[in-house]
Number of protein chains: 2
Amino acid sequence: MNNNQTTKEKLIKAGCAIFAEKGYRDATISEICELAEANIAAINYHFGDKESLYDEVWRHAFSITSSTYPIDRSLPEAPELKDYIYSYAFAIIHRIFCEEEAGLFPKLLHQEMSRPTLALDRIAQEVLFPQSQFLGKVVRASLEQKIPEERIRLCMHSIIGQCAFFNFSRPLRERVIGKKTMSEEEKEQLARHIASFSMGGLGATQQEYTS
Amino acid sequence: MNNNQTTKEKLIKAGCAIFAEKGYRDATISEICELAEANIAAINYHFGDKESLYDEVWRHAFSITSSTYPIDRSLPEAPELKDYIYSYAFAIIHRIFCEEEAGLFPKLLHQEMSRPTLALDRIAQEVLFPQSQFLGKVVRASLEQKIPEERIRLCMHSIIGQCAFFNFSRPLRERVIGKKTMSEEEKEQLARHIASFSMGGLGATQQEYTS
DNA sequence: GAACAATTCAAATAACTGTTTGAAATATGA
DNA sequence: TCATATTTCAAACAGTTATTTGAATTGTTC
């Protein structure tokens with residue numbers, strides 16, 4: 001081969017970009033092949049069909065984003081609850097506002113949430129649930145007893161929701177603020193806010209059950 | 001006409017349902033007309049083209065949802081901050097989990113967020129920004145001075161995010177919990193949690209600037 | 001360099017898309 | 001009832017889709 005990337009690799013990368021932008025159905029084999037500088041028949045030759053490429057794209061996107069922005073990277077020596085939440089928010093916010101390949105995973109997820117495909121069941125099982133268990137353990141361990149499991153779930157949703165909102169409201173953000181990018185300082189400030197706000201929220205929830 | 005609904009009205013209602021489920025691009029004129037029990041050419045006759053029907057659908061959906069679940073309905077006599085937040089969360093949660101026609105607006109919004117069309121600019125201007133100003137005024141009035149405007153925005157996003165998350169994560173929720181519905185009691189409990197959690201979060205934010 | 005496998009390519013296929021057309025059917029008003 | 005306007009309809013149009021095909025090209029191995 002004359003290039004350092006195989007056609008198969010180029011197709012996966014191009015598929016990531018196109019699927020993330022348009023979702024499974026609106027992404028066409030034609031434009032993916034064009035972006036990958038491959039022939040129109042390349043996908044069917046290398047992957048069998050569009051759906052199998054989509055599976056490969058998901059695996060690739062998750063692999064990149066979870067290694068680039070792991071959710072427990074920036075933890076100090078003896079982490080407290082707030083450190084855990086900050087670490088989680090830091091990773092999610094960075095994934096969302098990443099403009100490199102590592103940023104495509106949240107975009108793929110957004111597409112899948114609005115137009116689910118058969119791939120969603122596998123993704124939920126293999127990727128999303130395990131990831132949310134990080135937060136679950138942390139929140140559950142930090143709250144004192146007597147708080148019903150259902151309420152713990154709601155607290156998790158409050159924290160996840162604050163982060164995920166920036167993924168799902170992206171088009172609005174781009175229409176209010178001119179640019180779609182976010183500086184490193186802004187990302188850290190946002191993660192700090194979410195950690196602080198959530199700490200207050202957890203405290204208020206706790207207090208409901210101790211008074 | 002033999003029916004109590006005109007073809008035009010039936011097309012708008014069918015368009016609401018199909019566009020909300022599949023988004024603008026994946027919704028086909030053919031299936032909308034089939035659901036409306038109209039001929040394939042009916043949309044082009046009554047609206048000119050698909051895009052103009054989409055505009056009408058948005059107006060209809062917003063009209064229904066905003067009159068069925070206004071964001072300041074359940075306010076007590078002398079409302080406090082928590083009452084305002086509860087009222088906001090109550091309305092948004094009910095809109096999201098409504099299975100009638102009033103529930104189609106959040107679904108349309110979800111589709112538009114993942115695959116924006118030309119309609120989004122108008123919707124953002126006419127509908128979304130005015131609606132978020134309700135929260136903005138409330139939060140801004142409740143927090144004491146010296147809190148930078150940027151931080152107030154983040155607090156608003158924290159509250160909105162907690163609510164909107166349930167719109168965008170719907171497919172996951174349906175895969176964890178068996179059913180997509182939510183009882184009235186659960187909705188109120190969720191709104192109470194968000195109000196309580198957010199009060200704690202606002203308090204924690206406030207405290208950062210008073211210490 | 002020859003023999004073979006792997007890959008790329010342009011063209012064709014069948015199915016679907018939004019839209020247009022002109023005739024048929026229905027409703028309206030005198 | 002008749003003339004007119006409105007609405008419905010099946011058929012056709014041009015464009016796009018994912019996939020298939022078989023030949024041409026490239027790479028690999030002996």
Side-chain angles (χ1 to χ4, degrees), chain A residues 1-60 108 111-112 114-120, chain B residues 1-60 108 111-112 114-120:
Chain A
M1 75 210 61
N2 51 356
N3 223 335
N4 50 351
Q5 265 186 132
T6 69
T7 300
K8 196 169 181 179
E9 289 167 344
K10 287 196 288 183
L11 284 172
I12 291 178
K13 291 203 172 193
C16 273
I18 304 290
F19 282 132
E21 182 193 346
K22 306 195 167 181
Y24 177 74
R25 275 158 263 256
D26 289 357
T28 69
I29 284 189
S30 160
E31 61 185 337
I32 293 173
C33 290
E34 190 180 11
L35 183 60
E37 292 174 320
N39 183 268
I40 183 80
I43 286 178
N44 290 82
Y45 174 75
H46 285 284
F47 301 93
D49 55 11
K50 187 183 178 185
E51 204 173 335
S52 301
L53 168 65
Y54 191 60
D55 279 341
E56 291 291 326
V57 157
W58 265 100
R59 287 180 222 281
H60 180 255
L108 282 168
Q111 297 297 337
E112 196 66 27
S114 65
R115 297 282 287 123
T117 71
L118 292 176
L120 180 55
Chain B
M1 77 209 59
N2 51 356
N3 223 336
N4 50 351
Q5 265 185 131
T6 69
T7 300
K8 196 170 180 179
E9 288 167 344
K10 287 196 288 183
L11 285 172
I12 290 178
K13 292 203 172 192
C16 273
I18 304 290
F19 282 131
E21 183 193 345
K22 306 194 168 181
Y24 177 75
R25 273 159 265 256
D26 290 357
T28 68
I29 284 190
S30 159
E31 62 185 335
I32 293 173
C33 290
E34 190 180 11
L35 183 60
E37 291 174 321
N39 183 269
I40 183 78
I43 286 178
N44 289 81
Y45 174 75
H46 285 284
F47 301 94
D49 55 10
K50 188 184 177 184
E51 205 173 335
S52 301
L53 169 64
Y54 192 59
D55 279 341
E56 291 291 327
V57 156
W58 265 100
R59 286 179 222 282
H60 177 73
L108 283 168
Q111 297 297 337
E112 196 66 28
S114 64
R115 300 280 288 122
T117 71
L118 292 175
L120 180 56

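This one's a predicted model, so the numbers in the text were calculated from it and none came from an experiment. Within every chain, numbering begins at 1; the chains are lettered A, B, ... in the order of the sequence lines, protein sequences first and strands thereafter.
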With the side chain of [X] defined as its heavy atoms from C-beta on, choose the nearest nucleotide among [options].
X       : options                : result
A:Ala41 : D:dT20, D:dA10, D:dT19 : D:dT20
B:Asn39 : C:dC9, D:dC9, D:dT7    : D:dC9
A:Tyr45 : C:dT17, C:dA6, D:dT6   : C:dA6

Requested in this report: Report yes or no: do A:Ser52 and A:Asp49 form a side-chain donor-acceptor pair below 3.5 Å?
Outcome: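 Side-chain D/A pair, A:Ser52 to A:Asp49: present.
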Rounding to an integer number of Å, can you tell me how far [X] [atom1] sits from [N] [atom2]?
X       : N      : atom1 : atom2 : value
A:Ile29 : D:dA18 : CD1   : P     : 5 Å
B:Leu53 : C:dT19 : CG    : P     : 10 Å
A:Ile32 : D:dA18 : CD1   : P     : 8 Å
B:Asn44 : C:dG18 : CG    : P     : 9 Å
A:Asp26 : C:dT17 : CG    : P     : 13 Å

Report task. Using a cut-off of strictly less than 4.0 Å, decide whether B:His46 has a side-chain nitrogen or oxygen near OP1 or OP2 of D:dT6. Result ->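 Checking D:dT6 against B:His46, no side-chain N or O comes under 4.0 Å of OP1 or OP2.
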Query raised in the report: Does a nitrogen or oxygen in the side chain of B:Thr7 sit under 4.0 Å from OP1 or OP2 of D:dT8?
Result: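 Affirmative; the distance criterion is met.
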Requested in this report: Could you tell me how the ring of A:Phe19 sits relative to the ring of A:Tyr24: parallel (under 30°), tilted (30 to 60°) or perpendicular (over 60°)?
Outcome: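 The arrangement is parallel - the two ring planes meet at less than 30°.
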Query raised in the report: Would you say the side chain of B:Phe47 lies within less than 4.5 Å of the side chain of B:Asp55, judging by non-hydrogen atoms?
Result: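 SC-SC contact between B:Asp55 and B:Phe47 ruled out.
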Report task. Taking only Lys NZ, Arg NE, NH1 and NH2, and the carboxylate oxygens of Asp or Glu, determine whether B:Lys22 and B:Glu31 approach each other closer than 4.0 Å. Result ->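 Judged by the 4.0 Å cut-off on N to carboxylate O distance, B:Lys22 and B:Glu31 do form a salt bridge.
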Query raised in the report: Which sits closer to the 5' end of DNA chain D, A:Glu51 or B:Ala38, going by the nucleotide each is nearest to?
Result: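 Going by which nucleotide is closer to the 5' end, it is B:Ala38.
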